[in-house]
Amino acid sequence: MCDTCGCSETDDSQNHHNHHHPKKLINLNVSILSENNRLAAINRKSFEEHNILSLNLVSSPGSGKTTILEKTIEALIPSRKIFVIEGDQQTLLDADRIEKAGAPAIQINTGSGCHLDAKMVGNAMQKLNTESGSILFIENVGNLVCPAMFDLGEFKRVVVISVTEGEDKPLKYPYMFKSSHLCLINKSDLLPYVDFDVEKAISYARSINPGLEFIVLSAKSGEGMQLWFDWLLRQG
Ligand SMILES: Nc1nc2c(ncn2[C@@H]2O[C@H](COP(=O)(O)OP(=O)(O)OP(=O)(O)O)[C@@H](O)[C@H]2O)c(=O)[nH]1
Ligand SMILES: [Mg+2]
């Protein structure tokens with residue numbers, strides 16, 4: 001897994017994956033990432049040319065990405081075209097949920113892979129008949145580590161954390177929070193039952209990325225969802 005995602009690139013030579021041939025592996029990972037950056041630039045240009053608002057949703061597994069998308073589609077589809085690319089290691093479950101909610105979706109299964117890359121997104125775009133002025137959500141594989149390093153060409157990156165995960169996640173997984181523009185703090189309906197300090201989570205994340213925006217919401221109760229819709233509409 002580490003050979004393809006580049007996650008040994010930033011680690012030290014004690015890492016069990018690379019201590020025999022550290023230089024060789026680092027070079028391989030750099031070239032994988034630079035090829036990904038090249039393809040991401042092509043995606044970005046194509047999104048801009050076709051006037052598509054592209055957003056990369058990242059989070060640990062189960063923080064509520066698909067539920068947020070279902071509710072977003074139900075609320076916005078009357079006025080806005082929405083398309084979704086779904087990334088998971090296996091199954092068509094999330095794409096089926098999105099289609100039921102009313103938006104065309106393509107599922108990418110990464111198999112043993114732990115992230116989407118720009119090439120997968122470019123290929124999926126060939127099959128989605130997106131229209132000018134539409135929103136493209138790319139739901140990444142649930143993983144707070146590897147997807148941070150792979151630019152997909154998206155306009156903005158949205159990191160979702162839920163209140164059941166603990167407020168220390170921005171400190172433990174800084175790359176993801178550093179590379180994101182907006183942080184959705186989901187499952188606010190569960191705040192009375194868990195020890196999650198929202199202010200602390202926000203200040204930890206701001207210490208990593210001072211420019212990060214935050215919205216506290218609940219896809220289940222609907223609290224805060226309007227703020228998220230307003231943020232989306234402000235993006236264009
Ligand atoms: N209480 C509560 N549960 C939620 C909320 N949002 C999502 N869930 C639940 O959390 C679980 C995971 O939600 P998903 O939307 O599948 O999460 P995901 O991030 O798409 O998961 P992966 O794609 O597997 O990474 C489901 O049981 C949802 O019903 C919320 O706001 N409040
Ligand atoms: Mg999902």
Side-chain angles (χ1 to χ4, degrees), residues 1 5 54-77 82-117 120-121 124 128 135-148 150 152 154 156-167 169-170 172-173 175-177 180 182-198 201-202 214-229 231-232:
M1 201 184 294
C5 78
S54 54
L55 300 167
N56 181 7
L57 267 75
V58 292
S59 82
S60 53
S63 65
K65 298 179 296 301
T66 311
T67 312
I68 291 169
L69 289 181
E70 290 172 311
K71 298 294 166 83
T72 304
I73 289 161
E74 283 160 16
L76 298 190
I77 208 80
I82 297 178
F83 297 83
V84 181
I85 295 173
E86 280 291 341
D88 286 295
Q89 287 200 322
Q90 295 294 346
T91 80
L92 304 176
L93 291 170
D94 280 3
D96 287 347
R97 286 171 61 187
I98 295 296
E99 297 223 313
K100 266 201 198 100
I106 289 212
Q107 180 82 49
I108 298 172
N109 283 147
T110 58
S112 64
C114 47
H115 59 273
L116 291 178
D117 65 29
M120 296 172 192
V121 168
L128 267 183
I135 303 178
L136 172 71
F137 290 111
I138 306 165
E139 180 182 334
N140 218 314
V141 179
N143 176 354
L144 274 179
V145 183
C146 310
F150 284 81
L152 304 179
E154 74 268 21
K156 286 194 176 168
R157 190 173 286 184
V158 179
V159 60
V160 183
I161 55 169
S162 57
V163 303
T164 52
E165 294 168 34
E167 67 266 318
K169 293 303 161 291
K172 290 183 175 174
Y173 303 95
Y175 296 101
M176 191 58 94
F177 289 83
S180 294
L182 173 67
C183 176
L184 298 180
I185 301 180
N186 189 34
K187 309 195 187 181
S188 65
D189 58 291
L190 298 180
L191 277 171
Y193 313 105
V194 292
D195 296 328
F196 184 93
D197 184 332
V198 173
I202 290 176
F214 299 89
I215 297 173
V216 179
L217 50 72
S218 166
K220 183 176 171 142
S221 74
E223 182 194 6
M225 289 296 282
Q226 189 59 49
L227 295 171
W228 157 240
F229 302 151
W231 183 91
L232 278 175

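Atoms within each ligand, like the ligands themselves, are counted from 1 in listed order. Just so it is clear, the structure is predicted and the values come from calculations on it, not from any experiment.
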So, is T67 placed with an N/O/S atom under 2.8 Å from the Mg ion (ligand 2), counting both backbone and side chain? no

Ligand 1 atoms nearer than 4.0 angstrom to some heavy atom of D94 are 23 (O)

What protein heavy atom lies closest to atom 16 (O) of ligand 1? Include the residue and the distance to one decimal. R97 NH1, 2.9 Å

Distance-only, no hydrogens or angles: does the E99 side chain make a donor-acceptor pair with backbone N or O of D96 under 3.5 Å? no

For residues E70 and I73, determine if any side-chain heavy atom of one lies less than 4.5 Å from a side-chain heavy atom of the other. no

I want to check something: taking the side chain as every heavy atom from C-beta on, are I161 and N186 in contact at a cut-off of under 4.5 Å? no

Checking side chain to side chain contact (heavy atoms under 4.5 Å, CB included) for the pair M120/L152: CA distance, chi angles, key distance, verdict? CA-CA 9 Å; M120 296 172 192; L152 304 179; over 6 Å; no

Looking only at protein heavy atoms, what sits closest to atom 3 (N) of ligand 1 is K187 CD, 3.9 Å

Under 4.0 Å, heavy-atom basis, I'd like to know which part of M225 is in contact with ligand 1: side chain, backbone, both or neither. neither

Heavy atom of the protein closest to atom 20 (O) of ligand 1 (residue, atom name, distance): T66 OG1, 2.7 Å

Does any non-hydrogen side-chain atom of I85 lie less than 4.5 Å from one of F137? no

Under 4.0 Å, heavy-atom basis, I'd like to know which part of V160 is in contact with ligand 1: side chain, backbone, both or neither. neither

Atoms of ligand 1, numbered as shown, that sit under 4.0 Å from any heavy atom of D88: 23 (O)

Quick one about E154 and S54 (side-chain donor to acceptor, distance below 3.5 Å, no hydrogens or angles considered), yes or no? no

Write the atom name of the N, O or S atom in D94 that is nearest the Mg ion (ligand 2). OD2

Is there at least one pair of N or O atoms, one from S188 and one from ligand 1, spaced under 3.5 Å apart? no

With a 4.5 Å limit on heavy-atom distance, are the side chains of V58 and S180 in contact? yes

Tell me yes or no: between the side chains of Q89 and S112, is some donor less than 3.5 Å from an acceptor? no

Give the atoms of ligand 1, by number and element, whose distance to some non-hydrogen atom of G142 is under 4.0 Å. 25 (O)

Of all protein heavy atoms, the one nearest atom 14 (P) of ligand 1 is T67 OG1, 3.6 Å

Mark up the atoms of ligand 1 that fall under 4.0 Å of a heavy atom belonging to P61, in ascending order. 25 (O)

Give me the residue, atom name and distance of the protein heavy atom closest to atom 18 (P) of ligand 1. K65 N, 3.5 Å

Below the 3.5 angstrom mark, is there an N/O of L190, backbone or side chain, next to an N/O of ligand 1? no

Do D189 and S218 have a side chain donor and acceptor closer than 3.5 Å? yes

What is the closest protein heavy atom to atom 32 (N) of ligand 1, and at what distance does it sit? D189 OD1, 2.7 Å

Could you tell me if the side chain of I138 sits less than 4.5 Å from the side chain of L136, heavy atoms only? yes

What residue and heavy atom of the protein are closest to atom 12 (C) of ligand 1, and at what distance? G62 O, 3.4 Å

Check each heavy atom of N186 against ligand 1 and say whether those closer than 4.0 Å belong to the side chain, the backbone, both or neither. side chain

Close side-chain approach of N109 and Q107, heavy atoms under 4.5 Å: yes

To the Mg ion (ligand 2), the closest N, O or S atom belonging to E139 is OE2

Just wondering, do K156 and W231 contact through their side chains at under 4.5 Å, heavy atoms? yes

Check whether any side-chain N or O of R157 sits under 3.5 Å from a backbone N or O of A148 as a donor-acceptor pair, and report yes or no. yes

So is G64 polar-close to ligand 1, meaning N/O to N/O under 3.5 Å? yes

Where's the contact between V141 and ligand 1, heavy-atom distance under 4.0 Å: side chain, backbone, both or neither? neither

